[in-house]
Amino acid sequence: MVKKKIDQRIRTLIENGIKTDYRGIIIIVGDRGRNQVVNLHYILSKSTMKERPNVLWCYKKDLGFTTHPTKRAKIAKKKKKKEFRKQIKKQTLVEPVKEDPFELFLSATKIRYCYYHETHKILGNTYGMCVLQDFEALTPNILARTIETVEGGGLIVFLLNTLNSLQQLYNLTMDVHNKFRTESHQNVVPRFNERFILSLSSCQAALVVDDELNVLPISNYSREIKPVYINSKNQNENQNENENQNENQNENDKIDVYQERFNQFQKNQRESDNHLQEIKQSLNSTPIIGKLIQITKTFDQAKSLLSFVEAISEKTLNTTISMTASRGRGKSASLGLAITAAIAYGYSNIFVTSPSPENLKTLFEFIFKGFDQINYQEHIDYEIIQASKSSMNKAIIRVNIFREHRQTIQYIQPQDYTKLGQAELLIIDEAAAIPLPIVKNLLGNYLVFMSSTISGYEGTGRSLSLKLISQLRETSVILKDDDNDDNDNKEINKNNENNENENENDNQNGNNLIRGKRKEFKKKPKKGSIERFQKIGPTKSITPSRFLREITLEEPIRYRFGDPIEEWMNNLLCLNVMIEPLENKMCPIPSKCELYYVNRDALFSYQASSESFLRKLMALFVSSHYKNSPNDLQLLSDAPAHCLFVLLSPINEQTSKMPDILCAIQLSLEGEISKKSVDKAFSEGKRNAGDLIPWTLSQHFQDNNFPKLSGARVVRIATRPDIFRMGYGTRALELLEAYYSNQITNLEEEINIEKNRNEKISLFTKLEKRKPENLHYLGVSFGLTLQLLKFWKKSKYKPVYIRLTPNEITGEHTCIMLRKLPNLQIEKNEWVENFVADFKRRFISLLSYNFRIFSPALSLSILDSKGIKQESINANELLIFFSHYDLKRIQSYSQNLIDYQIFLDLVPTMAKLFFMEKIDIQLSPVQKGIFLMLGLQHHLLSEIEKELKISQSQILALFNKAMRRFNDFFQKLLEQGIQDQNPSLKESDSHEIILKSMKPLQESIDEELEQEEVKVNKFLEQTQKEMIGIGELNSYKIDGSNEDWENALKNSDDFKSNQTIKLKIFIFSFFIFKKYNKKYNKKYIMAEVLGRNKLSRHLKSKIRVTVGKRTLVGQFLAFDRHMNIVLGDCEEFRRIKPKKGQKEIKEEKRTLGLLILRGETIVSISIESPPPQETQTTKLQSQKKPEGIAKAVGRGMPTPLVTQPSMLQGPIRGIGGPTLGVMTPQHQTIQHTIPPTIQQPFPRGRMPQMGFQQPIMPMRGAFPPRPQIPQMGIPNQMGIPNPMGMQQSRQSPQIPRTQ
């Protein structure tokens, strides 16, 4: 075989990459390009001073050769035998068979073979060379993952099949195009491949060669590649070398662009290296960190390691550190050194997790480098355990340390977050490649370090940075580093705090956390985090015991800063795009903004203006959505069913500047599926790719007509963050709906001429100049949140589908909403309303299952969508759902006669009927939320209290009010049902008959009141007579006038009043007052009697009384006509206003006991619970007491003055006790004397003497009691032995009544 000299430009490109620590790209076109990989790897190995570079070889399915060494050796042996036999047959000299260079390359090089669909396993690894074959299987995500694993000075090789021209790549069918095609849209235009080839012309480190390594000229950079000269980094070296190098550069007429790039970034690299050396020298004497920091390569990496060690040294386990950066910045290396520091500080249980254990190769590598720095030896101080499964490629899964005590570094899978109960430190590497719900479950009450990229080509895209970290900012106290302070001061700041003067004052007062002085923060809590936390005033429930620190690494380690391959890939995939400020600071009025159609051929043409617009567009999508990935760029460019609309500010035709993008909408045309495909899908269960909404809803509703309709799905809509919630998104949707509803007229004639792609085309097209597609509906599919749901409902979209299981990546339930467009071809105009009604019915039934976690606000917003108007339930249907016993229970609860738990089984049925609009009543939003959580989601009262943040008593009060409305509605239904069954009871529809049947009242209201007054007076007189027990009152009539009585009282000095005169005066004055006081009789008697009858129903009930800002709860004992009430067992509840910085309102409770409230201070009275059930009385208490007998009740009962018999007296001291016979009780009759007279009342607070009964004083307004003689002993009617051996008197003496 004739040897051929390789083009010098290839060798120069590889050597320049090794000198500058930059990477290079070589694209080999040809079927034999695999053999040239050997030569390129040989040049790379000879140019570098390191060991042979390891290789990453990625492919789709078939590698083309075997990777097994034994099989490869057998194949090589067979080839040798065949060649040897050929030489013998030809009778030529037997020459030694030469070894195949490719076979030697495979056997002597460390190669990692990887499928394209398994490239997530190589994240975190580093390779010297990357080979990518099967170009048709490449996607932007795979391209970014594989290229970013190559270190500086490495090489990326693309293997392409034989092509006559690179333009053939424009029409190359990619594997992903099969997913883009739909039944109605089959023509795919590979715009991404065209842009990929065009972008290579701007890459300064890329070459395109054939399978014989002949350079193909595709750009000006590839025509002449010059070697790069490296300036000396040591300032003390002689300047002779620099002068010689400058002379060599001056010889060239034109300075190489590659050289300019290197010189520009080398100056910044030197400044960073100087800062790094200063840190290393300052911490050289520190025991642990001084040794570990010597391994760091950049200044950013050293600062991140200091942050990790600071959190580790505190040992408070209350800090979360999030480190985000692009690829190759040293994230895994920093985590590995942090784990080494944690081992040195005595941490015992350290857990490490990542999508695959193969991602942790770099992390464990730097752990062992750190062990070497702190003098830990393998097999003596620690041991390494590798995985036994072949799928893990012998990855390290455990490290046991036993130098001082038992310590463990253990790898766990992300799904095993339940095993972190004893964890002290958790390391989450490649967090963006782990599903977001699992990452949330991994966080706990231990130290957490997590790192990942934010470029979006991992599993979850940008959800980690745009969603999870933003949630952590809201629920944690943020620790920020002050870059302007030379001492690296750290202060606690709230997210988005912009008061710089306040921060400067805090720094002067020492309120910041200085590294190495964290103990001062613990000693002085007033100047630490608690005071700062209260000063911040969090908007949500933030616990000051958890801190968050964010770290960003910008300087690369895997390759040098300014790498041309990184810049090329960032521009190609739009990875580092940022939102630019508006050119016009004044926001335009939304009604003046217009919607334009974007021509994708012009957008992806790789022109300067189109690239600028594309970067603005992708920056808008990236900042507004957290599900972004580089694959979305290929979807936008190549998918035939997708189109793009942008809302632009008013265009000034006099200027050539690109207008600002206010809102962007990506649309996908769906539907128009043939009947054959629909029938096949329903019969076989198979469906084609694409058409998300038609296939999903047809399967959900089992409707085979819906896929035949044409519609458009809003893939994404994005608005600038600085003009969020200002109406621009709603304006864009309104114009889009008007465009597809044919409300925007087309002023120009349609010209059906196919345009050539080479002709100049405009980037924007007005909607008036483009004919819209014929659509029946607009739809959207998104992750369900309350904010997004309100936005789409505002634009008149209705929910028709919610996925029962959450998304594996984001943890959100997918929701589909539709908006019907006016179309005359559809016979049924209410098909969307039918979908909505059926969806509501199914959603109500599923609220007790997976949808139980939905908040009441989100659930009510979903149920608020109106479908077909439902008819209200009638009496017959009501009795199907509820029996008469059920209705009686509802009525009893509405009257506060039973507890809610007695009829709780009826609440789910009532809730279903209410939310299905079968019950026509109005409830407040809070009552709806309580009803939904209690009846449909089956939450407990404690859970409702926690969710709604109101007390359980208020919940029950609102629930009781709602049940009253339900009871009234049910009673009206029953009455209406009775009228329907009996036509004679129905009211006449004739208004005249109704007027004839109505007769005026014969008596006025005053006459009725006077008649009722007479009845009440008679009733009161009769009642008083029965109470007094006497007949006619004429016998009590007293002669004489008032003057005669006054004179008699003045002249009679010896006059003494007796009870008879007092009784007559009282009776006389009482009836005189009742007879002659007409005002009292007419107004107050009726109100008093009727009011007392109404309130008397609630006596002994537990009531709640509001008095000003106080709330009193107690038993309702008594009241009067002035509404003065008496409460027993009263408790007072007072709400105390929160202090500054606090939002929780405290409620104090105080026990008062018996309390009398003035009626004029009472604000409101409500019934808490019915009166307690009365206890059964004994026969002794229920016996009717004979008249004239004094009964001893309670304290002060008369006790006979009798000494104890000798047999019951105690033993005499010193003699002993009596015999057993003497101690036996015997019946004896003891005579008692009657008290001589009734004494005057004793002074207040003194006990009456034994043997005397305290007189019963008459109440004001009542008759005096009759004098009675107390009965000796207790009536023995229950078989109770008499005390003290007394006999029961069979007949009680009575005193005759006095006249």
Side-chain angles (χ1 to χ4, degrees), residues 700-701 784 786 789-790 792-793 796-804 813 815-818 830 832-875 877-882 886-887 890 893-894 900 903-941 943-944 947-948 950 955-956 958-970 972-973:
H700 186 67
F701 294 105
L784 182 60
L786 181 60
L789 182 65
K790 290 182 177 179
W792 290 107
K793 288 183 63 178
K796 300 180 181 179
Y797 285 74
K798 299 179 181 180
V800 293
Y801 169 80
I802 295 178
R803 186 182 177 187
L804 189 61
H813 295 260
C815 178
I816 295 179
M817 303 181 71
L818 296 180
E830 296 182 351
V832 174
E833 288 75 9
N834 292 330
F835 282 176
V836 173
D838 187 75
F839 160 74
K840 287 179 63 176
R841 180 184 58 82
R842 298 167 68 172
F843 179 75
I844 289 171
S845 301
L846 293 174
L847 272 174
S848 59
Y849 294 92
N850 294 26
F851 299 152
R852 192 173 183 268
I853 60 175
F854 285 3
S855 64
L858 178 61
S859 302
L860 290 175
S861 182
I862 295 172
L863 293 174
D864 192 29
S865 302
K866 295 183 179 179
I868 296 179
K869 189 175 181 181
Q870 301 291 334
E871 294 182 359
S872 179
I873 192 174
N874 53 33
E877 294 176 350
L878 179 66
L879 295 177
I880 295 176
F881 294 102
F882 304 101
D886 298 336
L887 298 176
I890 296 173
Y893 178 75
S894 63
Y900 84 99
F903 87 109
L904 188 61
D905 59 306
L906 304 178
V907 177
T909 306
M910 298 170 63
K912 288 182 179 180
L913 294 176
F914 173 74
F915 287 107
M916 290 176 64
E917 300 178 0
K918 291 287 187 179
I919 299 177
D920 188 13
I921 60 173
Q922 298 295 329
L923 297 179
S924 65
V926 180
Q927 289 176 329
K928 290 181 181 179
I930 295 172
F931 213 59
L932 182 138
M933 297 185 70
L934 193 63
L936 299 181
Q937 294 182 327
H938 300 170
H939 285 291
L940 301 176
L941 283 179
E943 297 173 348
I944 301 175
E947 179 69 25
L948 300 181
I950 57 178
I955 293 172
L956 291 176
L958 293 172
F959 183 70
N960 184 269
K961 291 181 180 179
M963 294 309 302
R964 293 177 188 173
R965 297 186 179 182
F966 275 94
N967 181 56
D968 296 341
F969 179 79
F970 291 160
K972 290 181 181 178
L973 283 182

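Given the structure is predicted, the values throughout are model-derived calculations rather than measurements.
- Side-chain atoms of N960 come within 3.5 Å of backbone N or O of Y893 as a donor-acceptor pair.
- Taking the side chain as every heavy atom from C-beta outward, Q937 and E943 never approach each other to under 4.5 Å.
- Side chains of L860 and P925 form no contact here, defined as non-hydrogen atoms less than 4.5 Å apart.
- Between the side chain of K793 and the backbone N or O of S861 there is at least one donor-acceptor pair closer than 3.5 Å.
- Annotation for I802 and F843: closest pair CD1-CE1, 4.1 Å, computed over non-hydrogen atoms.
- Scanning all heavy atoms of the two residues, the minimum distance from S894 to N967 falls at OG-ND2, 3.4 Å.
- Residues N850 and L804 share a closest heavy-atom pair of ND2-O, 3.2 Å.
- Using cut-offs of 30° and 60° on the angle between ring planes, the pair Y801 and H700 is perpendicular.
- Without hydrogens or angle criteria, R803 side chain to H813 main chain gives no donor-acceptor distance under 3.5 Å.
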* Asked: Would K840 and M916 count as a side chain to side chain contact (heavy atoms under 4.5 Å, CB included) if you check the C-alpha gap in whole Å, the side-chain angles of each, and the deciding distance to 0.1 Å?
  -> CA-CA 7 Å; K840 287 179 63 176; M916 290 176 64; over 6 Å; no
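- Here N874 contributes atom CG and L879 contributes atom CG; the two are 9.0 Å apart, rounded to the nearest 0.5 Å.
- Checked for salt-bridge contact, D968 and R965 miss the test: no charged N lies under 4.0 Å from a carboxylate O.
- At a threshold of 4.5 Å between non-hydrogen side-chain atoms, the residues F851 and I862 do not count as touching.
- Once rounded to the nearest 0.5 Å, the distance linking CG of L818 with CD of E833 reads 10.5 Å.
- Residues F915 and L847 have side chains not in contact (no heavy-atom distance under 4.5 Å, counting atoms from C-beta outward).
- The CD1 atom of I873 sits 7.5 Å away from atom CZ of F969, with the distance rounded to the nearest 0.5 Å.
- Note: E947 CD to I930 CD1 = 12.0 Å, rounded to the nearest 0.5 Å.
- Electrostatic pairing of E877 and K918 does not count as a salt bridge here, judged by no charged N lying under 4.0 Å from a carboxylate O.
- Under the side chain to side chain donor-acceptor pair (under 3.5 Å) criterion, S924 pairs with Q927, sequence neighbours left out.
- Contact of the V926 side chain with the I950 side chain is registered, since non-hydrogen atoms from C-beta on lie closer than 4.5 Å.
- Rounding to the nearest 0.5 angstrom, the gap separating the CG atom in D905 from the CE atom in M910 is 10.5 Å.
- Side-chain contact between D886 and T909 is absent, with no heavy-atom pair separated by less than 4.5 Å.
- For the ring pair (Phe, Tyr, Trp, His ring centres under 6.0 Å) test, residues two or more places apart in sequence or in another chain that qualify with F701 are F835.
- Between L863 and L932 the shortest side-chain heavy-atom distance falls below 4.5 Å.
- Here the shortest heavy-atom pairing between L941 and L956 reads CD1-CD2, 4.0 Å.
- Residues satisfying the side-chain contact (heavy atoms from CB on, under 4.5 Å) criterion with S848, sequence neighbours excluded, are H938.
- The ring-ring contact (aromatic ring centres under 6.0 Å, His included) test with F966 singles out one residue from F931, F882, F959, F903, and that residue is F931.
- In this structure, L936 CG and F854 CZ are separated by 13.5 Å, a value rounded to the nearest 0.5 Å.
- In this structure, V832 and V836 have side chains that are in contact, with non-hydrogen atoms separated by less than 4.5 Å.
- Across all their heavy atoms, C815 and P799 have their closest contact at SG-CB, 4.3 Å.
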